[in-house]
Each structure stands twice: as structure tokens, then as C-alpha cells.
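Worksheet: one structure, shown below.
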Amino acid sequence: MPHPAMSPNHVAVITGGASGIGLAAAMQFAGFGMKVCIADIGAERLAEAAAKLASVAKGGAADIMTASVDVSRFDDVAGLETAVQKRFGGTDILMNNAGIGPDSNSFGPLENWQRILAVNLWGVIHGTQAFVPHMVERGRPGLVINTGSKQGITTPPGNPAYNVSKAGVKAQTEALQHELRNLPGCQISAHLMIPGHVFTALTARGRTEKPPGAWTPEQTIDFMIARIDAGDFYILCPDNDVPRQLDERRMLWAAGDIIENRPALSRWHPDHAEAFAKFVKGE
Ligand code: NAI
């Protein structure tokens with residue numbers, strides 16, 4: 001049974017909604033007859049996305065709202081909440097999804113660290129603080145869906161700033177769900193969306209065709225909706241290369257680094273390569 005927040009005329013707000021996973025979510029929600037607001041940067045991209053959304057929305061363009069918002073700025077996000085309230089009466093689903101992934105390493109560039117944390121982590125904190133108290137007050141069933149990443153759980157070498165931001169999103173979303181479920185009468189639940197490899201502008205890196213291992217944004221959102229209906233907090237998405245079982249072994253191994261007192265990121269340490277390969281096979 002679809003989650004009651006996804007009912008016709010209820011309201012969904014999606015940051016990073018002009019593209020990729022966010023746009024696919026917006027299309028689904030609009031298709032359910034919901035009123036949808038996409039918040040993103042770039043007026044032209046927003047207008048293009050809005051035209052697509054209006055073509056599937058029950059009420060056409062009247063059900064679709066766009067907002068030029070930089071989620072790293074609290075005032076922008078607070079203004080978005082007020083604007084959605086004015087136009088649609090409040091918010092039932094908030095998807096804190098805007099994200100970026102420029103390269104980083106431990107020694108720089110500092111600006112990339114600052115920007116990644118500002119968008120990926122502070123964007124989620126801003127969304128939570130600006131919207132969730134009003135969603136609770138509204139007194140209806142609602143959802144907060146924060147887009148994290150497997151990189152925030154197994155923290156692979158390559159882009160530490162991104163990993164830190166997504167590890168922060170995981171911790172923030174877990175804490176939020178704990179607080180919400182302890183609020184008397186509250187009908188809002190928080191969920192951590194953990195995409196696999198999804199072919200989007202973020203991951204295309206010059207490719208124009210989806211690599212066979214990746215999922216489409218639409219597949220990813222179909223999975224997300226099914227898992228929310230099933231009541232999952234951790235929406236752990238597979239892709240065509242990585243089934244759930246492999247993710248489970250990788251995550252268990254990462255937790256085992258601490259318990260077994262192995263070196264940091266031992267999965268990528270040559271002395272542990274053989275043991276990890278055996279562990280993955282369940283030996
Ligand atoms: P995308 O690049 O297609 O979409 C991200 C959207 O966020 C873009 O439209 C972008 O303009 C917007 N955005 C960036 N900075 C913003 C800001 N300051 N304020 C408002 N909007 C901003 O990429 P994709 O893949 O759809 O990413 C969505 C989320 O999924 C991100 O949080 C990303 O980290 C996460 N993710 C994606 C994976 C993938 O394989 N594509 C895997 C794991 C997580």
C-alpha cells in the first residue's frame with residue numbers, strides 16, 4: 001500500500017529536483033497526483049524540468065512549483081518553506097537530495113571541502129530545520145527522505161570530503177528519526193536513501209550512455225518508493241553490478257576494521273586483499 005504521504009493533492013518538496021534522482025522522484029510524485037515543488041539552482045534547468053513535471057501532473061502546471069534555491073544558504077531554504085506554505089499550504093514530503101561531488105583529497109582544495117559540506121551536509125541540516133517543525137505541526141503523515149550514499153558508510157578512498165558529507169547525512173538522519181519517533185503524536189518519519197550507482201549528471205563524467213552496471217534514476221525511485229511502502233529506514237539500493245548481499249559484506253567488513261583492530265580502510269590495503277575477497281565469498 002502506498003505511504004499515505006504520497007496521496008493526491010499532498011505536497012512534495014525536492015531539493016536538487018531539476019535533474020537525476022531528484023527529478024525522477026518529482027516525476028513519480030507528480031504522477032501520483034501530488035503537488036510538487038522542485039528547488040535547485042539554474043532557472044533554465046528548473047523551467048525545463050517543470051515542463052516535464054506539468055506533462056504528468058493531474059492539475060498540469062498549477063500543481064508544479066519551482067524555486068531557485070541554494071541549499072547551502074539557510075535563508076534560501078527557510079524562504080522556500082514559506083513560499084511552499086503560501087502556494088500549497090504546507091509540506092508532506094521533504095526530500096533533501098541536492099548534492100555535488102567535485103574531487104577532494106585530504107590536502108585540498110579547501111574550497112571543495114567547504115562547498116561539498118555546505119551543500120551535501122548543511123543542505124540537509126537546513127532543510128530539516130526549516131521544514132520539519134512545520135511538517136510536525138501540520139499533524140499529517142509525512143516523510144523526510146535524505147539522500148546519503150554508500151560512500152558515507154564504507155568511506156572508500158578517492159573523495160574524502162564527499163564521504164565525510166554523506167557520513168554526516170547518515171548520522172543526522174538517524175538522529176532525526178530517533179527524535180521524530182519519540183515525539184508524541186508525530187506522524188513524520190525520516191528515511192536514509194542510499195542509492196547504488198545511478199547514471200546522472202553527477203556520475204556521467206562525459207559519458208552520454210548509461211554504463212551497464214548503473215541503474216537509471218527511474219529504477220532507483222521505483223525501488224525507493226517500494227521500500228518506503230515496506231517501512232524501511234535504510235533504503236539500500238542495489239544496481240546492476242552490486243547486489244544487496246555484496247553491499248552487506250562490504251559494510252560488515254568496514255565495521256570489522258574497528259572490531260578486529262585492522263588498519264583503516266583495510267578493504268583497500270594489500271595485506272588484507274585476500275582476506276577481504278574470502279570474506280565477500282562468505283568463506
Ligand atoms: P544530479 O547532478 O543529476 O542532481 C543533483 C542536483 O542537485 C542537480 O540538479 C544540482 O543542480 C542540484 N544542486 C547542486 N548544488 C545545489 C545547491 N547548492 N542548491 C540546490 N541544488 C543544488 O545528481 P544525482 O546523482 O541525481 O544526485 C542526487 C543525490 O544523490 C546527491 O545527493 C548525490 O550525492 C546522491 N547520490 C548519487 C549517486 C549516483 O550514483 N548518481 C550515488 C549515491 C548518492
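Note that ligands are numbered from 1 as they come in the structure, with each ligand's atoms numbered from 1 the same way.
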Those protein residues which place at least one heavy atom below 4.0 Å from ligand 1: Gly16, Ser19, Gly20, Ile21, Asp40, Ile41, Arg45, Val69, Asp70, Val71, Asn97, Ala98, Gly99, Ile100, Arg115, Val119, Thr147, Gly148, Ser149, Tyr162, Lys166, Pro195, Gly196, His197, Val198, Thr200, Ala201, Leu202, Thr203
Neighbour count >12 (heavy atoms, 6.0 Å) for atom [atom1], [X]:
X: Gln245; atom1: CD; value: no
X: Arg73; atom1: CZ; value: no
X: Glu209; atom1: CD; value: no

Using atom types as modelled, flag every donor-acceptor pair under 3.5 Å from a side chain in residues 44-65 to any protein atom, sequence neighbours excluded.
| residue | atom | partner | partner atom | Å |
| --- | --- | --- | --- | --- |
| Arg45 | NH1 | Asp40 | OD1 | 3.2 |
| Arg45 | NH1 | Ile41 | O | 2.7 |
| Ser55 | OG | Lys52 | O | 2.6 |
| Asp63 | OD1 | Lys35 | NZ | 3.2 |
| Asp63 | OD2 | Gly59 | N | 2.9 |

Under 3.5 Å, side-chain donor or acceptor atoms of residues 131-141 against the rest of the protein: list the pairs with distances, not counting sequence neighbours.
| residue | atom | partner | partner atom | Å |
| --- | --- | --- | --- | --- |
| Arg138 | NE | Asp92 | OD1 | 3.1 |
| Arg138 | NH1 | Gly89 | O | 2.8 |
| Arg138 | NH2 | Asp92 | OD2 | 3.1 |
| Arg140 | NE | Asp92 | OD1 | 3.1 |
| Arg140 | NH2 | Asp92 | OD1 | 3.4 |
| Arg140 | NH2 | Asp92 | OD2 | 2.9 |

Exercise answer: donor-acceptor pairs, residues 268-276 side-chain atoms, under 3.5 Å, sequence neighbours excluded:
| residue | atom | partner | partner atom | Å |
| --- | --- | --- | --- | --- |
| His269 | ND1 | Asp271 | N | 3.1 |

